[in-house]
Amino acid sequence: MEAPFDLILPLMVIGYLSGTWLGALTVCRLAGVGDPRLAGSCNPGFSNVLRLHGYRLALATLAVDAVKGMPVLWLAMWLGLPPWAQGMVGLSVLLGHAYPAWHRFRGGKAVASAFGVMLVLTPWVALCCAAFWTLLAWRMRTAAIASLASAAMAPLASLWLAPNFVGVVIVFTLLVLARHVFNIQRLGRGDEPGL
């Protein structure tokens with residue numbers, strides 16, 4: 001099926017707007033705790049909230065960031081868009097999370113949002129990566145290592161479990177890796193904060 005751009009572009013705009021909802025900010029405000037952008041790694045995401053405020057608020061953050069893009073992705077699937085077009089909509093969600101216009105384009109690392117997007121588009125890949133992330137985070141006690149390794153594993157898993165989405169998953173992986181440049185530098189210096 002040809003995917004008309006006059007259909008894809010509005011979905012991408014909706015995807016971007018949904019992505020700009022930073023779960024960490026909402027959860028921390030509702031809980032009456034400090035802004036996660038002002039402490040720890042200063043990242044508005046799951047791992048920094050876990051570090052600063054514990055697992056309950058971190059899980060709430062993960063839930064918001066994972067589900068916020070799902071409605072527009074379900075709509076893209078319902079409309080019968082091909083995998084590459086669904087991937088464009090998913091990428092717009094990740095870009096909204098990583099570069100939210102309302103927060104001076106300073107967002108999160110897009111790991112939880114990528115998990116949510118892939119849970120819709122490539123559920124078995126998402127679950128494999130989540131299991132791998134959990135194992136590495138538990139063993140290494142460093143979210144950045146777990147995130148980088150699970151992101152790198154995603155294209156390999158998609159070759160086996162979701163071959164139609166390999167190109168899409170590679171693009172998601174590149175974005176997540178790009179968002180972790182400073183973490184990679186800190187890992188090299190040995191001063192990356194642990195969980």
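In what follows, residues are counted from 1 in the order of the sequence shown. Below, each value reflects all heavy atoms present in this structure, side chains not excepted, and no hydrogens, waters or symmetry copies.
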Would you name the heavy atoms of [X] and [Y] that are closest together and state the gap between them?
{"X": "Ser150", "Y": "Trp133", "result": "OG-CD1, 3.6 Å"}
{"X": "Gly34", "Y": "Cys28", "result": "O-CB, 3.7 Å"}
{"X": "Val176", "Y": "Ala114", "result": "CG2-CB, 4.3 Å"}
{"X": "Phe105", "Y": "Tyr16", "result": "CE2-OH, 3.9 Å"}
{"X": "Ala112", "Y": "Leu62", "result": "CB-CD1, 3.6 Å"}
{"X": "Leu73", "Y": "Val120", "result": "CB-CG1, 3.8 Å"}

Side chains of [X] and [Y]: closer than 4.5 Å at any heavy-atom pair?
{"X": "Val117", "Y": "Leu121", "result": "yes"}
{"X": "Val64", "Y": "Trp21", "result": "yes"}
{"X": "Leu161", "Y": "Cys128", "result": "yes"}
{"X": "Leu11", "Y": "Leu81", "result": "yes"}
{"X": "Leu79", "Y": "Trp74", "result": "no"}
{"X": "Pro36", "Y": "Leu25", "result": "yes"}

Exercise for the section: Evaluate side-chain contact (heavy atoms from CB on, under 4.5 Å) for Met118 paired with Leu127, printing each intermediate quantity in order. Expected result: CA-CA 9 Å; Met118 288 173 43; Leu127 293 173; over 6 Å; no

Common cluster, [X]/[Y], ILVMFWY with side-chain heavy-atom separation under 4.5 Å:
{"X": "Leu156", "Y": "Val168", "result": "no"}
{"X": "Val49", "Y": "Leu30", "result": "no"}
{"X": "Phe132", "Y": "Ile170", "result": "no"}
{"X": "Val169", "Y": "Phe115", "result": "yes"}
{"X": "Leu75", "Y": "Met12", "result": "yes"}

Donor-acceptor pair, side chain of [X] and main chain of [Y], under 3.5 angstrom:
{"X": "Arg179", "Y": "Gly107", "result": "yes"}
{"X": "Thr20", "Y": "Pro100", "result": "no"}
{"X": "Thr173", "Y": "Ala152", "result": "no"}

Exercise for the section: With Arg51 as the cation and Phe46 as the aromatic partner, state whether NZ or CZ is under 6.0 Å from the six-membered ring centre and within 45° of the axis. Expected result: no

Pairwise distance [atom1]([X]) to [atom2]([Y]) - rounded to 0.5 angstrom:
{"X": "Leu50", "Y": "Leu59", "atom1": "CG", "atom2": "CG", "answer": "8.0 Å"}
{"X": "Leu22", "Y": "Asp65", "atom1": "CG", "atom2": "CG", "answer": "7.0 Å"}
{"X": "Leu119", "Y": "Ser113", "atom1": "CG", "atom2": "OG", "answer": "12.5 Å"}
{"X": "Asn164", "Y": "Gln86", "atom1": "CG", "atom2": "CD", "answer": "10.0 Å"}

Exercise for the section: State whether the number of non-hydrogen atoms from other residues, nucleotides or ligands found under 6.0 Å of Met88 atom CE is greater than 12. Expected result: no

Practice task
Report the C-alpha distance between Val13 and Ser92 in whole Å, list the side-chain angles of each, state the deciding distance to 0.1 Å, and finish with yes or no for side-chain contact (heavy atoms from CB on, under 4.5 Å).
Solution key: CA-CA 7 Å; Val13 170; Ser92 70; over 6 Å; no

Handout entry: Residue pair Ile8, Trp84: steps toward the side-chain contact (heavy atoms from CB on, under 4.5 Å) verdict
Key = CA-CA 11 Å; Ile8 297 170; Trp84 69 266; 3.6 Å; yes

Exercise for the section: Take Arg37 and Arg106, measure what side-chain contact (heavy atoms from CB on, under 4.5 Å) needs, and give me the verdict at the end. Expected result: CA-CA 9 Å; Arg37 296 172 299 177; Arg106 293 174 57 195; 5.9 Å; no

Problem - Lys68 and His97: side chain donor to acceptor below 3.5 Å - result: yes

